[in-house]
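Okay, structure first, notes after.
For clarity, every value in this text was computed on a predicted model and none was experimentally measured. By convention in this document, chain letters (A, B, ...) are assigned in the order of the sequence lines, proteins followed by strands, and residues within each chain are numbered from 1.
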Number of protein chains: 2
Amino acid sequence: MKKMISMGLRFEDAKLLVLDQTRLPHEEVWVDCRDCAHMAELIKTLAVRGAPLIGVAAVLALAHMAEKGASKPEIIAAAKMLRMARPTAVNLMNAIDQVVLDKPDLTTASVISDAEKFFQADVLACEAIAERGASFISDGDHVLTHCNTGGLVTAGIGTALGVIRRAFEQGKKIHVYVDETRPLLQGARLTTWELQKLGIPFTLICDNMAGFLMSQGKVQKVFVGSDRIARNGDFANKIGTYSVAVLAKFHGVPFYVAAPRTTFDEKCDSGADIPIEERHPDEVRAGKSPHQAPVWNPAFDVTPRKLISGIVFEDGML
Amino acid sequence: MKKMISMGLRFEDAKLLVLDQTRLPHEEVWVDCRDCAHMAELIKTLAVRGAPLIGVAAVLALAHMAEKGASKPEIIAAAKMLRMARPTAVNLMNAIDQVVLDKPDLTTASVISDAEKFFQADVLACEAIAERGASFISDGDHVLTHCNTGGLVTAGIGTALGVIRRAFEQGKKIHVYVDETRPLLQGARLTTWELQKLGIPFTLICDNMAGFLMSQGKVQKVFVGSDRIARNGDFANKIGTYSVAVLAKFHGVPFYVAAPRTTFDEKCDSGADIPIEERHPDEVRAGKSPHQAPVWNPAFDVTPRKLISGIVFEDGML
């Protein structure tokens, strides 16, 4: 397999390395991914996270396995196992289906070449999304974003954060408001880290400050990513996205979604069909609340189409 | 001075003790408050917090000083200093003005007797608020609350949480959804702790989950406290309250405020006149984001009257 490098994945010298995103921003630790079971674990524990990236990482793990001599049945079994690692982001299922499970004339060689193509396609999709999306950001805009949707979650420059980056690279004077994104703080830990590296001005806020910020006229656009988009345009994304969408609607702030086509699920008629992962209560308790406090911890929520100004894909808008 | 005991304050044996709320729920540490400068520090660092309580605590500290023999000018100087400890909750200013700075015929003896009366009046106000407010909660309601507004923040049973407690004591089957209330997690740390002690069923959520919860029809009422109410009915409360109010309006969920009259500021025509305290960025960074990440950290926000179904006072509604 040829060398492939993104912000959070490295395939080189016959090794598949992943950046442990749970350790960022204070430590940059690269983990040597041994096999597909290991990759499934890395995805479940969020060392590897973000809808597009978990699809790319899964097919690279399958290709790595093929390269090391696994048989076709072994690859198919691993693909089925990896497909179950997380339930909400459909990119994972779509990627594995495309490269292995729905592949006509599947061979170990096809897995490798298709994984390479998949990686490259994601890079190009990010570029196209960024170009199209940046046209919606004006000079002087303050843009609010939720969770992390940058170079860490794709093979390329990202989705929503890729759009923001491209607007900045075009010379537009923009400012980014970063929702910290409880409970796992992907905004506070990862989006801030990426924006610092890129030199893009930003301000970190708690999720519950977004409304007050909008009420002061300080947000002109909202850009977020997605984990699954239903046929009717409803979409799932990181918990808290729905609240931001309602707040944006109330304040008349345009609200955009940026995602590759691999996020689209034609088997889901509407948001009601999207399975929502619930995670462990300790993520919310975080050692601060009483130890046994009852908790509700959905990792995602669903935003209905009526709250969305537009969805930016690599090949058009919805 | 006679013995006075609330959940977070104890005056007995000539000592003024305060429960350090920053250590809850895992440690219950009572601090011996030496003097008014110490009380101002305890208020600034949030060991003593909550709009009604900081008013009560401040006048008890002044009365304690009077009892130990301070002169009238010394008490007035301490009152002026304490009045500046925090800027948003007007209860602090109102309490100090009533007992010291605006008191006709001020004497050291009047400070002591007025502090006792102020404490008792707050207890009775809580009872009256709870009775009136509980009439708005129906059997079977799921009630969302933000921040902590219970026995910890008043001399009595609390404001919004007092209302919830009274509805529960009346035999209504209710369930409380507790916003964790970033950045300082008063909901996750303190409201859960109080509800556990009272045996009231609850579920802790991240602030950004409230919208998704409402979209599923799981919230029938919202009850919150307040730090300052303007003459036109706009009110300031813990950051995040405004977002909850917008979400409640969007979902048709009644949104109530519960507060004593000491929270009313007749000098403020509208919410625009209420000063909003901004606190240190490290409260938001919390060791998780890049160390120098720029942060916006308003401790409060302002909710306009149009989003409020009603304000419950001890002596009536607004």
Quiz item: Do you know which two heavy atoms are closest between B/Ala188 and A/Pro290, and how far apart they sit?
Solution: O-CD, 3.4 Å
Practice problem: Work out which heavy atom in A/Pro25 is nearest to a heavy atom in B/Ser289; give both atom names and the distance. | Solution: CG-C, 3.9 Å
Closest-packed option against chain B by number of heavy-atom pairs under 4.5 Å, given [options]:
options	answer
A/Val246, A/Val302, A/Leu190, A/Thr192	A/Val246
A/Gly211, A/Pro304, A/Gly287	A/Gly211
A/Ala210, A/Pro201, A/Cys206	A/Cys206
A/Leu213, A/Asp179, A/Thr303, A/Asn297	A/Leu213

Contact part of [X] toward chain B, heavy-atom cut-off under 4.5 Å: side chain, backbone, both or neither?
X	result
A/Leu195	neither
A/Leu184	neither
A/Phe212	both
A/Ile239	both

Self-check item: NZ/B/Lys172: more than 12 non-hydrogen atoms of other groups inside 6.0 Å
Solution: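 Count over threshold, so yes.
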For each of [options], tally heavy-atom pairs with chain A at distances under 4.5 Å, and name the one with the top tally.
options	result
B/Gln196, B/His146, B/Lys249, B/Lys238	B/Gln196
B/Arg285, B/His291, B/Arg189	B/His291
B/Gly187, B/Ala245, B/Pro183, B/Ala286	B/Pro183

Self-check item: Positions in residues 214-224 of chain A that reach chain B, provided some heavy atom is under 4.5 Å away
Solution: A/Ser215, A/Gln216
Quiz prompt | Any A/Asp301 side-chain heavy atom under 4.5 Å of B/Met209 side chain | solution =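 Sidechains of B/Met209 and A/Asp301: no contact.
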Quiz item: A/Phe202 versus B/Pro294: any side-chain heavy-atom pair under 4.5 Å?
Solution: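 The answer is yes, as the side chains (C-beta and beyond) meet within the 4.5 Å cut-off.
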Quiz item: Is there a donor-acceptor pair closer than 3.5 Å between any side-chain N or O of B/Thr203 and the backbone N or O of A/Trp296?
Solution: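 Flag not set: sc B/Thr203 to bb A/Trp296 has no pair under 3.5 Å.
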Quiz item: Short question: side chain of B/Asn208, backbone of A/Arg182 - any donor-acceptor pair under 3.5 Å?
Solution: yes
